[in-house]
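What follows is a short report on a single structure.
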Amino acid sequence: MWAGAVMTAALVLTGCSQAGNSAPAETAAPTSATPSPVTGASSGPSTAAATAGAAASPTEATLKTRQIANGHFQITMPSAWRLEELTDIAAQVHQGSTASFRIMAADGRQLAEIRTGGAAVFDTNPMNNMAENSVLDVQGEGKFGGINFAFLSYEGQSDNAEMMLTALQPANIKNWGGRLPGLIYTGGSGEFSTVLTSETKLPGVADSLKGIERFETYAKTDEYSQLKNAMLSFEQLKDIAPAEEAGVLGGQCIGARFSYELGDSGLSCQEVKTFLTVMLEEPIHAGVVGRKGVGTCTVAWESEPGYCDVASTGGRFNFSAK
């Protein structure tokens, strides 16, 4: 069992509407032998049953376990489903453990997206007791930082619902303000989710059904159970290599807006860029931004560099406007 990491809600690998070119990542027929790995994905017959505790499906599907991201992760899903690779996904900094796929049904419908390779992140900006979401289903490890599944409609958005893996413990989902934090794992972060709308084709659901009733009906179908099981089957198989070897004492790097002195931060170039991007989403008070458990940053001015103190390492990096 992989230990849960600490994370932030400000993941830059969010949502299922990310545009990107796609190409088939797997073309083997469901009954064929295990295909050779293609672009970080491989598959083989699965001996696993459906994830324990998930809704039982009256129709048993043949399952296959696919390894993705150069064997760093695996998921188990119906053999008739396939993976289509996505390209040009932002903020995937761990190239050796990066995967970007659409999960496609046998009839060509997109069912979900899975993305890995995001930076290891640090904490969540607390958003408890800020909403009244409609929670349709929850399951998983039940602890913060674990592999937890949620199916919910956010407050004021009854014509939309989201199925996702989240690091948030189920007890906080109903009253969480904003989108739930996404997937985290040891050494990195990502997404495994899908957004359903009033226009999404849902097998077993009448077109006349609208709002929450539409999603409640879908939650009783075989396809829903299979997709939920696929999400909960996500498993990490390998350790994540550091994003870059540049994260050493006194290192330097250049970004689009800032140049960086890594100092004793213990972070790589990509990690300091991600850290600062996340921090600058917070309100600035007297030239300082901060997040509890993450750190603080003093902003840079034209003639004065800024700096960030990183809570997880106890170190500091400097940055200057270009």
Side-chain angles (χ1 to χ4, degrees), residues 4 7-18 50-58 77 102-103 105 109-115 124-184 189-234:
M7 52 79 63
T8 178
L11 291 177
V12 281
L13 296 172
T14 56
C16 283
S17 59
Q18 174 80 38
T51 304
S57 172
M77 63 188 194
R102 293 188 182 102
I103 296 178
R109 290 176 299 112
Q110 179 174 324
L111 297 174
E113 286 187 12
I114 180 169
R115 300 193 290 278
T124 183
N125 192 22
M127 301 181 73
N128 297 319
N129 302 315
M130 297 178 65
E132 191 70 24
N133 303 316
S134 297
V135 180
L136 302 165
D137 193 7
V138 292
Q139 192 176 319
E141 296 181 9
K143 62 181 181 180
F144 179 79
I147 301 298
N148 299 305
F149 169 84
F151 183 30
L152 76 160
S153 179
Y154 295 102
E155 182 179 18
Q157 303 178 45
S158 60
D159 286 333
N160 298 283
E162 184 167 24
M163 296 175 63
M164 66 185 300
L165 288 185
T166 177
L168 192 66
Q169 61 268 49
N172 290 344
I173 290 173
K174 182 174 181 60
N175 300 118
W176 193 259
R179 184 177 184 267
L180 301 186
L183 167 69
I184 65 170
S189 61
E191 282 289 321
F192 197 167
S193 61
T194 188
V195 174
L196 309 178
T197 73
S198 58
E199 303 301 320
T200 305
K201 182 180 178 181
L202 301 176
V205 180
D207 292 340
S208 59
L209 291 179
K210 303 298 180 183
I212 297 299
E213 185 179 7
R214 174 178 174 79
F215 305 125
E216 288 175 337
T217 301
Y218 182 59
K220 300 173 183 177
T221 65
D222 290 351
E223 182 177 274
Y224 172 85
S225 296
Q226 292 162 358
L227 183 53
K228 172 183 173 180
N229 288 342
M231 289 185 177
L232 285 168
S233 75
F234 179 89

- Across all chains, not counting sequence neighbours, the side chain to side chain contact (heavy atoms under 4.5 Å, CB included) partners of Asn129 are Asn175
- How far apart are the closest heavy atoms of Thr166 and Ala150, and which atoms are they? CG2-CB, 4.3 Å
- Please report the shortest heavy-atom distance between Arg179 and Met164, naming the atom on each side. NH2-CE, 3.6 Å
- Has the side chain of Asn148 got a donor or acceptor atom that lies under 3.5 Å from a matching backbone atom of Gly140? no
- Which residue pairs pass the salt bridge (charged side-chain N to carboxylate O under 4.0 Å, His left out) test when at least one of the two sits in residues 164-178, sequence neighbours left out? Glu132-Lys174
- Message: Quick check: closest heavy atoms across Ala230 and Phe192, and the distance to 0.1 Å?
- Response: O-CE1, 3.7 Å
- Item | From CG (Leu227) to CG (Leu232), nearest 0.5 Å | 10.0 Å
- Residue pair Val138 / Ile173, side-chain heavy-atom distance below 4.5 Å: yes
- Message: Using the ring pair (Phe, Tyr, Trp, His ring centres under 6.0 Å) criterion, which residues pair with Phe151? Sequence neighbours excluded.
- Response: Tyr224
- Task: Give, for atom CG of Leu152 and atom CG of Leu136, the distance between the pair rounded to the nearest 0.5 Å.
- Result: 7.0 Å
- Note on the structure: For Ala167 and Ile184, the nearest pair of non-hydrogen atoms, with its separation, is CB-CG1, 3.6 Å
- Message: So, taking the atom named CZ in Arg109 and the one named NZ in Lys201, what distance separates them when rounded to the nearest 0.5 Å?
- Response: 6.0 Å
- Message: Give me the atom names and distance for the closest heavy-atom approach of Ser193 to Glu162.
- Response: CB-OE2, 3.8 Å
Can you give the donor-acceptor pairs under 3.5 Å from side chains of residues 208-219 to other protein atoms, not counting sequence neighbours?
from, atom 1, to, atom 2, distance (Å)
Lys210, NZ, Asp207, O, 3.4
Arg214, NE, Thr197, O, 3.4
Arg214, NH2, Thr200, O, 2.2
Thr217, OG1, Glu213, O, 2.9
Tyr218, OH, Glu223, OE2, 2.8

- Any side-chain heavy-atom pair of Phe149 and Asp137 under 4.5 Å: yes
- Message: Let's go through Glu113 and Arg102 carefully: what are the C-alpha distance in whole Å and the side-chain angles of both, what is the deciding distance for side chain to side chain contact (heavy atoms under 4.5 Å, CB included) to 0.1 Å, and is it a yes or a no?
- Response: CA-CA 4 Å; Glu113 286 187 12; Arg102 293 188 182 102; 4.2 Å; yes
- Message: Using side-chain heavy atoms (C-beta onward) and a distance below 4.5 Å, is Leu165 in contact with Ile147?
- Response: yes
- With sequence neighbours left out, write down each residue that passes side chain to side chain contact (heavy atoms under 4.5 Å, CB included) with Ala131, or none if nothing qualifies. Asn133, Glu155
- Task: Using modelled atom types only, decide if a donor and an acceptor are shared between the side chain of Tyr154 and the backbone of Trp176 within a distance under 3.5 Å.
- Result: no
- Message: Can you give me the closest heavy-atom contact between Pro170 and Gly142, atom names plus distance?
- Response: CD-CA, 3.7 Å
- Can you tell me how far the CD atom of Gln226 sits from the CE atom of Met231, to the nearest 0.5 Å? 13.0 Å
- Within the distance-only criterion (no hydrogens, no angle test), does the side chain of Thr194 pair as donor or acceptor with the backbone N or O of Met163 below 3.5 angstrom? no
